[in-house]
2 protein chains.
Amino acid sequence: MEISLDQIKEKLGNAGLKATHQRMVVYRALVGVKSHPSADKVFDSIQSENPSITLATVYNTLDTFVEAGLAKRVMSGKGPVRYDARMDNHHHLICSNTKEIIDFYDEELNSLIRDYLQKKRIQNFELADMQLHIRGEKLNPNKEIRIK
Amino acid sequence: MEISLDQIKEKLGNAGLKATHQRMVVYRALVGVKSHPSADKVFDSIQSENPSITLATVYNTLDTFVEAGLAKRVMSGKGPVRYDARMDNHHHLICSNTKEIIDFYDEELNSLIRDYLQKKRIQNFELADMQLHIRGEKLNPNKEIRIK
DNA sequence: CTCCAAATGATAATTTTTATTATTTAGAAA
DNA sequence: TTTCTAAATAATAAAAATTATCATTTGGAG
């Protein structure tokens, strides 16, 4: 179930962004690639179909998406910044070995943390979002991570 | 209560690292500067007293510290990687406005999350550490953030 | 359709980080 | 204490990541 161009156009519109060809392509790549790609990886993945789109444009576009609330930056430790188009609250398992960033959706955990922070009353700080970085190593790099 | 050179020497020794002058200086700066400095900031802060220490050495040294378990990388979004010498489990409030990274120590929160993850049984993944990135904005950039 | 602010391409430049290699040094062993 | 050696550092250079500049193009409001 790939995202359609119309859906992307709508997303961009809702975010107050012009629906340019470049943005459509970058957004589709970001959603499609899954693995929380770096700007460079996005560039690579669109390169052959769209040779005219510059790496600088990819950077700018991803930046724009982050500003507009269409993507998040995810940090992995070393190396380039990586991006995530999934905006619903979720967490990340970060494998120091394979550099994979694996989504960890867990509504129960979300509310656990959210409620706790709420209770804490952090003053002079408007919370935008929070995510848990769970760092570790895959024991078998070739196998998937199974939760529960 | 500044950390003494002997204490640093001991820390380095325990981590299996030679206690070189450069490492002592970088470590002291890292602990002293508080604000989760970037390599560049560490370099700046030691520069005048230690003009012979190269930026490359600062990078290498910080890297070595991370490998050896004496420091952690902290990511702030944009900009360079920042480092944290505090190794006990704690979280970070990240102000998108001032770029500040503020420590958030909370033992109750730690065990809340730790216990939850334990219960979840994440397979094929050896957990090293976890930290919560709490992103937001200081309402008044000049005032402190108060918790509870 | 026209028009213009906004976006992009095509660089160039900067910033951040890593690599290379000759020289120096901490600390183990004599 | 002195000697010796593997490890660490300085002094680059280079690479990787990111941002800036500015002339040209374009989405979409009117």
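Order of the sequence lines fixes the chain letters, A, B, ..., with proteins taken first and strands second; residue numbering starts at 1 for each chain. Values below: all heavy atoms of this structure, side chains included; hydrogens, waters and symmetry mates excluded.
Comparing C:dT8, D:dA11, C:dG9 by their nearest atom to the side chain of B:T54 picks out D:dA11. Considering only the side chain of B:S52, D:dA10 comes nearest among C:dT8, C:dG9, D:dA10. Of the candidates C:dT8, D:dT9, D:dA10, D:dA10 carries the atom nearest the B:I53 side chain, counting heavy atoms from C-beta on.
Taking atom CG of A:L5 as the reference point, atom P of D:dG27 lies 14 Å away to the nearest angstrom. Atoms CD (B:E67) and C1' (D:dA7) sit 15 Å apart, rounded to a whole Å. Whole-Å rounding puts the B:L12 CG to D:dT9 C1' distance at 15 Å. When the P atom of D:dA8 is taken as reference, atom OH of B:Y27 falls 18 Å away, rounded to whole Å. The CZ atom of A:F43 sits 15 Å away from the P atom of C:dT8 (whole-angstrom rounding).
A:I3 pairs by the side-chain contact (heavy atoms from CB on, under 4.5 Å) definition with A:Q7, A:I8, A:Y27, A:R28, A:V31, not counting sequence neighbours. Residues that satisfy the side-chain contact (heavy atoms from CB on, under 4.5 Å) test with A:S38, not counting sequence neighbours, are A:D40, A:K41, A:P80, A:R82. Listed by chain and residue number, B:S4 satisfy the side-chain contact (heavy atoms from CB on, under 4.5 Å) test with B:D6 (two or more places apart in sequence, or in another chain). Listed by chain and number, the residues in a salt bridge (charged side-chain N to carboxylate O under 4.0 Å, His left out) with B:E100 are B:K138 (sequence neighbours excluded). Residues that satisfy the side-chain hydrogen bond (donor to acceptor under 3.5 Å, both in side chains) test with B:S35, not counting sequence neighbours, are absent from this structure.
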Only pairs under 3.5 Å count here: list side-chain donor-acceptor contacts from residues 102-110 of chain B, not counting sequence neighbours, and write none if there are none.
| from | atom 1 | to | atom 2 | distance (Å) |
| --- | --- | --- | --- | --- |
| B:D103 | OD1 | B:H36 | NE2 | 2.9 |
| B:D103 | OD1 | B:H90 | NE2 | 3.1 |
| B:D103 | OD1 | B:H92 | NE2 | 3.1 |
| B:D103 | OD2 | B:R86 | NH1 | 3.0 |
| B:Y105 | OH | B:D88 | OD1 | 3.1 |
| B:D106 | OD1 | A:Y116 | OH | 2.8 |
| B:D106 | OD1 | B:E108 | N | 3.0 |
| B:D106 | OD1 | B:L109 | N | 2.9 |
| B:D106 | OD2 | A:Y116 | OH | 2.8 |
| B:E107 | OE1 | B:N110 | ND2 | 3.3 |
| B:E108 | OE1 | A:Y116 | OH | 3.3 |
| B:N110 | OD1 | B:H91 | NE2 | 2.8 |
| B:N110 | ND2 | B:N89 | O | 3.2 |

Atom pairs and distances, side-chain donor-acceptor, residues 47-54 of chain B, under 3.5 Å, sequence neighbours left out:
| from | atom 1 | to | atom 2 | distance (Å) |
| --- | --- | --- | --- | --- |
| B:N50 | OD1 | B:H21 | NE2 | 3.1 |
| B:N50 | ND2 | B:I46 | O | 3.3 |

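Of the possible polar contacts, none joining the B:N97 side chain to the B:P141 backbone as a donor-acceptor pair under 3.5 Å is found.
Within the structure, every pair that satisfies the salt bridge (charged side-chain N to carboxylate O under 4.0 Å, His left out) test and touches residues 61-72 of chain B, not counting sequence neighbours, is listed here: A:K78-B:D63, B:D63-B:R73, B:K72-B:D129.
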Look for any protein N or O under 3.5 Å of an N or O in nucleotides 21-30 of chain C and output each such pair with its distance, or none.
| from | atom 1 | to | atom 2 | distance (Å) |
| --- | --- | --- | --- | --- |
| C:dG27 | OP1 | B:A19 | N | 2.9 |

Are any protein N/O atoms closer than 3.5 Å to N/O atoms in nucleotides 15-20 of chain D? If there are, list each pair with its distance.
| from | atom 1 | to | atom 2 | distance (Å) |
| --- | --- | --- | --- | --- |
| D:dT18 | OP1 | A:V81 | N | 3.3 |
| D:dT18 | OP2 | A:Y59 | OH | 2.7 |

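Terminal axes of the helix from C:dC1-D:dG30 to C:dA30-D:dT1 (five pairs each, C1' rotation axis) are separated by 40°, to the nearest 10°.
Its side chain outside the 4.5 Å cluster rule for every partner, B:L139 clusters with none of the Ile, Leu, Val, Met, Phe, Trp and Tyr residues.
By the rule that hydrophobic residues join a cluster once side-chain heavy atoms approach within less than 4.5 Å of another member, B:V25 and B:Y83 end up as members of one cluster.
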